[in-house]
Amino acid sequence: MHADGGSMAVGYVASGGQVAYYAAPSLPAPWPYAVGALPPAADYFQDRAEAARLRQVLAGGGTTVLQSPGTVPAGATPGGALVGGVLAGMGGVGKTQLAAHYARTTWEAGELDVRVWVTATDRASIVASYAYAAYQLLATDTDDPELAAQEFLAWLEPTPGRPACRWLIVLDDVTDPADLNKLWPPTGPTGRVLVTTRRKDAALIGRHRHLVEVGLFTVTEAIDYLTRVLADHGRTEPIDQLTALAHDLGRLPLALAQAAAYLVDAGLSCAAYRTLLADRATTLAAVSPDTLPDGQTHTVAAAWDLSVDRADTLRPAGLARPMLQLAAFLDPNGIPQDVLTSVPVLIHLGRDRASDHTAATGKVAQALRALHRLNLRRHRGGDHPISTDEAVGALRALHRLSLITHTPDTPHQAVRVHQLIQRAMRDRLAPDQYNQLARTAAGALTAAWPSIDRDTQLAHALWANTDALTHNAQNALWQPDAHDVLFRAARSLRESGQASTAGTRYQHIADTAHQLLGPNHSDTLYARHELARCLGEAGDAAGAAAAYEQLLADRERVRGLDPGTLVARADLARWRREAGDAAGATTVLEQVLADATQMLGPHHDTPLGIRITLAQWRGEAGDVAGAVAAFEQLLADTLLVLGPNQPGILMCRAELARWRGEAGDAAGAVTALEQVLAEAMQLVGPGSAVTLGCRHFLARWRGEAGDVAGAVAGFEELLEHNVRVLGPHHPGTLMARRDLAHWQRARESADDR
């Protein structure tokens, strides 16, 4: 260690466990004086918003821990009381460069008498740096470094009669807040302290210390950085490629610097580099330059290793790494907390901890193995080796090390992870471990998915996480067969009214299943069945009927007359009717009902569903009284089988109200449908077919009962929802638009009278 402001000095140095003693100076060094070498300035340094906030907070002296982007702690005004600053953030966001830039510019502006730069990775290094500062500035004997360090801290305290010293101490890369116990510089009007760290522990923040989180480059900063680096090497790239590269690298400053160096060294275009980066067989280490820019010491892939190791030592010990490995397969923009605390995750974490126990030796190993056996017995009995609280504790440990952002107050997007941290974690997995983690993540999503999607925000988060998992999992979700989460996501979309989007998913599942599992596999046949249903619900009745005909030929050849074949025959009849063959469809469906009743019994949900369809068709054919009687009987039978709180019950009640209205009881239909709609909103959510059907029936029967304005308002709301969810050309949307126009004309006629 040496002083920037004078000749190479003698003194006490500790680095990497090496300790050296030098003769004490005869006199204290004169001011201005700098202790410790600043890191070299990065090429193409970006004067970011965080730098401006840092200058503002430290303008009045103090210890700066900037609290959040864009905020200034109370009392941190120019010329105000001392506050302290801590620059916190994940590895690679540029904390050290921001701190060095501040230290360099304030020194050059003549704002400081003493500047001390401390590499604060452990307590010994901090003590050594303080002792060396005491040696230089106080001519203190360093035989006792701890004592010398305390003398230096005492000297920083303002003393009457002594000239005021304007000082800045930078504690760079604090690894453990406990290392600063009794080593925090004192508060005072002329001193400033700046800390950089990956930690977010409460111990770093206090009355005089506030946290500033250093984030990623903005899009503009990232593009400007890449443009300047490449221009200095005679290179230009299209702005759209630079923008896409910034997105691919998550706007992480460290990654952008190393990518730019690789582009120059390898002579690659942005497009070629992005193709290489997108190749799952290519690791992050493989696209790092041989010589790192700006004096960097870690590749992007290695930037977070120490943080993960440290997080794994925090309570609950040993759970942070396996938790981060799971999160690496999911959506970087937000993972629901319930996913990462689900039963499959708890079991996985317990197994991972148990595997660590097997490496122990001696009496401790015996105790750990006994605990492991106990956990396994508990698991077999229905308990879990790891508790939900421990899983949350693992998330908090990762948050404290800036490896994730954990915000429990937003439970549907509680965990965010930078995409390159995810990539780095996946790169290190062996193939078997990779596949096992992917299927564990899939199981976690399935376990967290409610049986009925009532919460639209949660459904969107689960869809996004399934998409991310499918992208990252390669073929792991198809070993030994298609994982349930693939079908669950598609079904959720269909039940929310997005039949076309769901059909696209089912098409992909069917194609992949055909390729990997074969044309006769049950997953292939099931995906084709659901695809045909989505075609019909998206408005293509003829296409649905044709798809069911092809499917039935294959099902009957492979499976014979099993329940799945019966359902396919019933659905084929439905879509033939929608395509115009009402009489033929009724004949087919009545035969299917007889076969289903004989095979499954009269109270199975398959024959009950067929009876609902036949009752609807009876009413639509003109037999209103027959429809009412059929639905009254169906409601009694369905209640017996399903119980009161099921979508099938709501459908029966809505249809019964509809046909009672057709029989002349419009007011009774309105009352019944209002109740059914309220329950449907709670039970199946606003986007389900049952809810949309209730809305349509209710709007119509309000008009028929004389409430024309209520009918118009109801159809306006229904049309807006259908356009947003189903699309402008869906049959349900067209029907809502037609009925809205009818009741608008009725309102105009009433107004004219």
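Side-chain atoms are counted along with the backbone in the values below, which use heavy atoms only and exclude waters and symmetry mates. Note that the coordinates shown come from a computational prediction; the quantities given were computed from them, not determined experimentally.
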Can you tell me how far apart CG (L551) and CG (L531) are? Round to the nearest 0.5 Å. 9.5 Å
Run the numbers on S307 and R198 for side-chain hydrogen bond (donor to acceptor under 3.5 Å, both in side chains), then give the verdict. CA-CA 8 Å; S307 295; R198 303 184 187 193; 2.7 Å; yes
Mark yes or no for whether E530, through its side chain, and G503, through its backbone, hold a donor-acceptor pair below 3.5 Å. no
Kindly give the heavy-atom pair with the smallest separation between C270 and Q241, and that separation in Å. CB-CB, 3.8 Å
Does the side chain of D224 pick up a donor-acceptor pair with the side chain of Q46 at under 3.5 Å? yes
Quick one: which of R396, H399, K200 gives a side chain to side chain donor-acceptor pair (under 3.5 Å) with H406? R396
Is the number of heavy atoms from other residues, nucleotides or ligands under 6.0 Å of Q433 CD greater than 12? yes
For R695, is there an ion pair with E717 - N to carboxylate O distance below 4.0 angstrom? yes
So how far is it from L276 CG to Y273 OH, rounded to the nearest 0.5 Å? 7.5 Å
Are more than 12 heavy atoms, taken from residues, nucleotides or ligands other than D432, located less than 6.0 Å from that residue's CG atom? no
Measure across A476 and R439 and return the closest heavy-atom pair with its distance rounded to 0.1 Å. O-NH1, 2.9 Å
Using the ring of each side chain (for Trp, its six-membered ring), is H529 parallel, tilted or perpendicular to Y526, with breaks at 30° and 60°? parallel
In terms of ring plane angle, is the pair F329 and Y434 parallel, tilted or perpendicular, where the classes change at 30° and 60°? perpendicular
Does the S269 side chain pair with the main chain of A272, one donor and one acceptor, at a distance under 3.5 Å? yes
For T407 and T410, what are the C-alpha separation, side-chain angles and deciding distance, and is it a side-chain hydrogen bond (donor to acceptor under 3.5 Å, both in side chains)? CA-CA 6 Å; T407 53; T410 55; 2.8 Å; yes
In terms of the angle between their ring planes, are F217 and Y225 parallel, tilted or perpendicular, with boundaries placed at 30° and 60°? tilted
Using the side-chain contact (heavy atoms from CB on, under 4.5 Å) rule, take L401 and W304 through it: C-alpha gap first, then chi angles, then the decisive distance, then the call. CA-CA 9 Å; L401 268 296; W304 305 290; over 6 Å; no
Thinking salt bridges, do D173 and K95 make one under a 4.0 Å N-O criterion? no
Exceeds 12 heavy-atom contacts within 6.0 angstrom, atom CZ of R228: yes
Once you round to the nearest 0.5 Å, how far does CD of Q296 lie from CG of L254? 4.5 Å
Can a donor-acceptor pair be found, under 3.5 Å and without considering hydrogens, that links the side chain of R428 to the backbone of A424? yes
Check against side-chain contact (heavy atoms from CB on, under 4.5 Å), L420 and L284: CA-CA 8 Å; L420 292 186; L284 288 177; 4.2 Å; yes
Straight-line distance of Q436 CD to L429 CG, nearest 0.5 Å: 9.5 Å
Main chain of L277, side chain of R423: is a donor-acceptor contact present, judged purely on distance under 3.5 Å? yes
Close side-chain approach of V345 to L326, heavy-atom, < 4.5 Å: yes
Between D455 and H412, does any side-chain donor sit less than 3.5 Å from a side-chain acceptor? yes
Salt-bridge test for R321 and D305: reply yes if a basic N is under 4.0 Å from a carboxylate O, no otherwise. no
Without swapping roles, check the side chain of Q422 against the backbone of L330 for a donor-acceptor pair under 3.5 Å. yes
